[in-house]
Amino acid sequence: MNYDLLIRNATLVDGTGAPPRTGGVAISGDRIELAGELNGARGRIEIDANGKVLAPGFIDVHTHDDRLLLSDPAMLPKLLQGVTTVVTGNCGISLAPSPPSAPPPLDLLDDSGTWYRFDTFDAYAAALADARPATNCVALVGHSTLRVRAMDRLDRAASAAEIAAMRAELDAALGAGATGMSAGPYYAPAAAASTEELIEVARPLAAHRGIFTIHMRNEHDGVLVSIDETLAIGRALGVPVVISHHKVAGQKSHGRSVETLAKIAAAMRAQPVALDCYPYCASSTVLIAEGVRYASRVIVTWSRSHPECSGLDLKVAAERLGLPVEQAIAALQPAGAVYFVMDEADVQRILAFGATMIGSDGLPHDPHPHPRLWGTFPRVLGHYARDLALFSLETAVHKMTGLSAARFGLADRGVIRPGAIADLVIFDAATVHDSANFEHPTRAPLGIDTVIVAGQLAVAGGKATGAREGRLITGRVRVDDPAWAG
Ligand code: ZN
Ligand code: CU
C-alpha cells in the first residue's frame with residue numbers, strides 16, 4: 001500500500017507517557033494509518049527522521065491567541081515550537097461573542113477594540129474558517145467578555161436577568177463549537193462576580209460536556225481559598241475544572257506549592273481537577289499596581305501612552321519619566337508588564353506534578369512579550385527535561401500532548417496511534433532549546449525541524465511551509481474517565 005506521507009527511523013514518543021521506541025508512521029489524508037513497525041510501506045513523501053523524536057503535535061492549553069489566529073494565521077510563535085493546537089479564550093477574555101461597541105474587557109487581545117466584531121460564536125468560527133490558520137483552535141468563551149456584553153457596569157455582581165442572558169450566550173456558543181468557559185475573577189471586569197454568579201452562568205457546561213477554566217481570584221496570599229472556590233464551582237456544576245497557570249506568587253507565598261499541590265491531589269480523588277503551568281519564574285499581564293506590589297522586578301512589555309518604554313524595567317521607565325513608580329504606573333496606562341513573582345522551586349514542583357499540563361499563556365500582541373510566547377515548549381523539553389532531568393522526555397511530551405487532549409476531551413489528538421489525526425512534530429532531543437529570553441523575547445527555538453498539521457507539512461527544515469490546515473476543534477470532556485483520578 002502507498003501512503004501520502006511516511007516518516008521512518010524515528011524515536012517514537014507517542015504522547016501516552018510510554019517509554020520511547022524505534023519506529024515510524026504512515027499517513028493517509030489527515031490520519032495516521034500505521035504507527036511503529038512500517039513493514040516495507042512506501043509513501044508519496046518519505047521523511048527519514050534519523051533517530052530524532054517523533055511526537056504528537058503539542059497542545060498549548062492556555063493561550064490568548066483568539067486574534068492571532070485571524071490577524072496572523074501563520075501562527076509562527078506557536079508553530080515553530082511544534083504546537084499544532086491552541087486553546088483560546090482564557091482568563092475570562094475571549095474575542096467571541098464580542099461586546100457591542102463597549103471597550104474591551106481587558107487589553108490582552110486587542111487594545112483598539114476593532115477585533116471585537118463577532119456578535120456570535122458562529123461568526124467567530126466562520127472567520128476562523130476563512131482565515132485558515134496554521135494551527136488548530138479549541139475555543140473557550142470568557143466570562144468577563146460575557147459580562148461586558150450583558151452588564152451596564154462591572155463593579156457589582158450580576159442580577160438574575162443578567163445571569164440568564166450570559167447563560168443563554170454561553171449555551172449558544174457551546175452549541176456552535178466552543179469547548180468550555182473561562183473565568184478571570186482576578187481581573188477588574190469580573191472581580192465583583194460572586195462564586196454563585198460564576199456557577200450560574202456556567203450551568204450549560206454540564207449538558208454540553210464543557211470544561212471550566214479559571215485564572216483564580218487570588219494567586220498569592222489567598223491562593224488556598226481560591227483553590228477551594230474553584231473546586232466548589234466544579235462540584236456545583238459537575239464538570240472538570242482547570243486551574244490556569246498555577247503559581248504561588250509573592251515572596252510571602254514562596255514554598256506554598258507544597259500545600260496547594262497537596263490540596264489539588266486530595267481533591268482529584270473526589271472530582272475532576274486539572275491544572276497547567278508555564279516554565280518561568282515571571283508572570284505577565286496588564287500593568288497594575290496590585291501586580292507590582294508582589295514583584296521583585298517588573299519589565300514594561302508595552303505602553304500605549306509611552307511606547308518608548310516597552311522593554312524597560314519599570315524603575316528605569318519611571319526615572320525616564322521623572323516620576324515615582326506609583327505615578328509612572330498611572331502615566332504608562334494602558335500598559336502591560338512582566339512580573340518576577342515566583343520562586344524557581346515552586347515552578348519546578350508544579351511542573352513536575354503528575355497532573356500538570358503545559359500552557360504558554362503567551363501574549364502575542366505585546367511589542368516586547370514575555371518569552372513564554374516563543375519558548376515554553378522547547379524550554380520544558382530542553383531546559384527542564386533534558387538539562388535539569390526534572391522528568392523524563394516521555395513525561396514532558398505527555399504533559400503537552402496526551403494528557404492535555406484527554407483533559408480537554410479532544411478525540412483522536414495528542415497520541416500517535418492508527419486512526420489518530422496526523423498532528424505531529426519531529427525534534428532533536430539532544431539540541432532542542434528555547435532561544436527567547438527576557439531581553440530577546442521573540443527568538444525562534446532551535447532543534448524543531450518538522451511540524452505536521454492534519455497530515456500536511458507545516459514546518460520543514462525548521463521553516464514554515466505556508467500550509468494552513470488548522471481547524472476549530474470541539475472538545476467534549478469525559479468526567480467518568482478513571483484517568484481523572486490521577
Ligand atoms: Zn490568566
Ligand atoms: Cu492567561
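Predicted, not measured: the structure shown is a model, and the values here were computed from it. Both ligands and their constituent atoms are indexed starting at 1 by order of listing. These numbers come from the heavy atoms of this one structure, side chains and all, not from hydrogens, waters or symmetry mates.
Close placement of the H64 and H62 rings is indicated, their centers lying within 6.0 Å of each other.
Within H215, the N, O or S atom lying nearest to the Zn ion (ligand 1) carries the name ND1. The atom of D361 nearest to the Cu ion (ligand 2) is OD1, with the search restricted to N, O or S atoms. Among heteroatoms of the N, O or S kind in H245, NE2 lies nearest the Zn ion (ligand 1).
Interatomic distance, S303 OG to L312 CG, rounded to the nearest 0.5 Å: 10.0 Å.
Cation-pi contact between R117 and W115: present, with separation from the ring centre below 6.0 Å and deviation from the ring axis of at most 45°.
Computed with the Cu ion (ligand 2) at the centre, the C91 SG to H62 NE2 angle is 90°, stated to 10 degrees.
Inclusion of H62 in the first shell of the Zn ion (ligand 1) is not supported: no N, O or S atom falls under 2.8 Å. The Cu ion (ligand 2) lies at 2.8 Å or more from every N, O or S atom belonging to H215.
The aromatic rings of Y280 and F438 stand perpendicular to each other, their planes meeting at an angle above 60°, with 30° marking the opposite boundary.
A salt bridge does not link D346 with R256: none of the charged nitrogens is closer than 4.0 Å to a carboxylate oxygen.
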